[in-house]
Number of protein chains: 2
Amino acid sequence: MSTKYPELSERKRQILKALVEAHIEGGEPVGSKYIVQNNLLSCSSATIRNEMADLEQMGYLVQPHTSAGRVPSEMGYRFYVDSLVEQYAKTTHEVVQINQLLKAKMAEIDQILETASRLASSMTNYTGIAIKPKASSVTMSKFELVSIDANHFAMVMITSGGAVKTKKIKTLGRVEGESLRRLAELLNENLCGLSADMITLPIIMELENAMGDGSHLVNPTVKCVWEVMSELDGGEMRLSGLNHLLKYPEYSDSQQFGQLLGTLENQDEILELVSGSETDDINVLIGSESPVKVMNNSSLVFKPIKKNGKTVGVIGVLGPRRMNYRQVLQTIEEITGSIAGMLDSEQPAKLTGKEEDHGG
Amino acid sequence: MSTKYPELSERKRQILKALVEAHIEGGEPVGSKYIVQNNLLSCSSATIRNEMADLEQMGYLVQPHTSAGRVPSEMGYRFYVDSLVEQYAKTTHEVVQINQLLKAKMAEIDQILETASRLASSMTNYTGIAIKPKASSVTMSKFELVSIDANHFAMVMITSGGAVKTKKIKTLGRVEGESLRRLAELLNENLCGLSADMITLPIIMELENAMGDGSHLVNPTVKCVWEVMSELDGGEMRLSGLNHLLKYPEYSDSQQFGQLLGTLENQDEILELVSGSETDDINVLIGSESPVKVMNNSSLVFKPIKKNGKTVGVIGVLGPRRMNYRQVLQTIEEITGSIAGMLDSEQPAKLTGKEEDHGG
DNA sequence: TTTAGCACTCTTTTTGTTTGAGTGCTAACT
DNA sequence: AGTTAGCACTCAAACAAAAAGAGTGCTAAA
């Protein structure tokens, strides 16, 4: 992803950079004159023109039509982003604010993600994305059954990851405390460590046998377990600040925006895309680098959040291809950093109080 | 809301109805000629013109400009909707489909709502809205503490409404089983039946006293309880099918649509609006009947879902003012009906298996 | 009471014209 | 060599004028 571009002269790089930033700023094609006037490049517009013609031929720039200014091509953006990432300076002046905002609302991982998405959106003025990725396979490490009333009991499940999930189960008639205890014991002995697809009919039948009377409880209970595990496996995505996008003329075509919206709501494609990312570092997908067609005019920046080495979430930003990469990269780094720091810190109850419950 | 309109002649009503429906269909002003040609009104366009002039003067129609066709005013829509509601025919041919779809995904109330919202959206081609309204005051009826590992335990809370909530709590050091038992006992004795704002500092201090050693557990635990209760109190809103809206030219102005999006994402106003609704029946807010400014060009149809007499959710549809009220009203009725039937039915475990966990 | 006919209005569409930003090229300049 | 000034050329966007068309209101006849 991060190829080198040795063939570019220093001046070409400067011009490219200036042009990209000017275009990010204004959104319109940038002409040679403009660059000379605003960007202290100490040469004449004609020179710039020559260089720009070169850059266009090399594929870094594109001309919407004869006699329009130039616009960065995807390759141009890519060059810009790559060089940006290299010389990356983590000016962390905003970190304090982030920490405060996150701590204020800090609770379950779900909420952290949601808040982070909001934060990312409001700080960048693009659309924030929070993703709880698909867990490859969840297993249970402990079951506990709690009686609620005459014909309800709650099943408390603790996953291998330490998350807690609860289900309320309705029973036909009164259920003895003894039955519950036995059922819990059976679950603990037979289902711990199994993934969803390892729970098969033979196992259920065996449980029913072992349960004796009260065997009618087994089926719905196990079904519940299975459902919870499947549910935990599935990813989830939250967007915030969608309205920001509409401020950019790139999204003024409501037809196209509608399609984008539809794709985003559908979640599947984006989840796929993000979950399939190989690197743990920050990802930048520019335009058609993304396999999702309707996003070919957009860019997506995202980074996984790790907790004890495991990915527990992804925070990202979606915006027009000409998004302010410098700011976005910085913001995402800061937010993910803050969250990671928060999650990894093993602090006593007095201070942190609690963490996630039904999170993955 | 449902006033009578006795002054309208039968023909005027027919014309009004035809015009509203034609406008819903096409979205453009409807002329006299069009009505004659398509709607079997057996009179000439001139006659229609006269009648339309009348209807306009009465306030049912509006002329965007001289020599354009007529468009229904809000009052016109209101009349149309009211008369529609009266002669309402519940043709339940789609109910089967609804039931199947809902049952397939039926789990917690949250999921039911979400699915219902999706369903409403896909059936009507407008935006579906699912709302978990603010509960005025949640109290707990039972606490249970479950040890997870050396320095984590889970708190299982059962609300007055029978919902189950869980929180994982991190502890400083190892916590004895005995401590947990005692803590649970204290919680059950002192916090059951209290609403969030009744949990005050004196109570916490008293608990800490009674707890003796292990008193350091009290503070974070109670804080958790308080958070869960506050969280349960708060409403929540899910949208689906936002992209549908963009198919209607009414929303092609991306500026305005952006504002609408922002308002919807913010949730507060809509939650307020829906929670404040007095009737338990279906609500139809046409244009400026809604207090939310950005929705003055839209209509909102929604209906609460009752479970054992209590409102557990709201399902609605948001669309352009010229939405297909007949279809939307019918769909909402059917969906809410299906859900209500599903929730109220007290069936044995074998069949229903489970219901909501952390739902309200 | 209904309808046909006609003049009138106002938007939408079309067509043509102008303007201006920006380029590419060439020739002069350093 | 590389750089710059000047000029002709291109093309989209902005503007203006004209034509088309849809729909009305009104009047007079059926």
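Reminder, nothing fancy here: chain letters follow the sequence lines and each chain counts from 1. Given the structure is predicted, the values throughout are model-derived calculations rather than measurements.
Distance CD (A/Q57) to P (C/dG24): 10 Å, rounded to an integer number of Å. In this structure, B/Q63 atom CD and C/dT9 atom P are separated by 14 Å, rounded to whole Å. Protein atom CG of B/L41 is 11 Å distant from nucleotide atom P of C/dT3, rounded to whole Å. Rounded to whole Å, the distance from CZ on B/R70 to C1' on D/dG25 is 10 Å. The CG atom of B/L55 sits 12 Å away from the P atom of D/dT24 (whole-angstrom rounding). Rounded to whole Å, atom C1' of D/dC26 lies 15 Å from atom CE of B/M52. Between the CD1 atom of A/I48 and the C1' atom of C/dT23 there is a distance of 14 Å, rounded to whole Å. Between B/H23 atom NE2 and D/dG23 atom P the separation is 13 Å, expressed in whole Å.
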What's touching nucleotides 28-30 of chain D from the protein side, N or O pairs under 3.5 Å?
none

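Side-chain contact annotation: A/Y325 with A/S299, donor-acceptor N/O pair under 3.5 Å present. With 3.5 Å as the limit, one finds no donor-acceptor pair spanning the side chains of A/S45 and A/Y34. A side-chain N or O of B/S277 and one of B/N283 form a donor-acceptor pair less than 3.5 Å apart. Inspection of the B/S298 and B/Y251 side chains reveals an N or O donor paired with an N or O acceptor under 3.5 Å. With 3.5 Å as the limit, one finds a donor-acceptor pair spanning the side chains of A/S117 and A/S240.
In this structure, C/dA4 forms a base pair with D/dT27, meeting either the Watson-Crick or the G-U wobble geometry with both donor-acceptor distances under 3.5 Å. Pairing partner, D/dA1: none, since no Watson-Crick or wobble contact has both distances short of 3.5 Å.
Using a 4.0 Å cut-off between charged side-chain N and carboxylate O, B/R322 and B/E25 make no salt bridge. With respect to the salt-bridge test (charged N to carboxylate O, under 4.0 angstrom), the residues A/E250 and A/R321 do not qualify.
Aromatic ring pairs are classed by plane angle as parallel below 30°, tilted from 30° to 60° and perpendicular above 60°; the pair A/Y77 and A/H23 is tilted.
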Once base and sugar-phosphate atoms are separated, protein heavy atoms under 4.0 Å mark nucleotides 3-14 of chain D, 5' to 3', with B, S and - as SBBB---BBS--
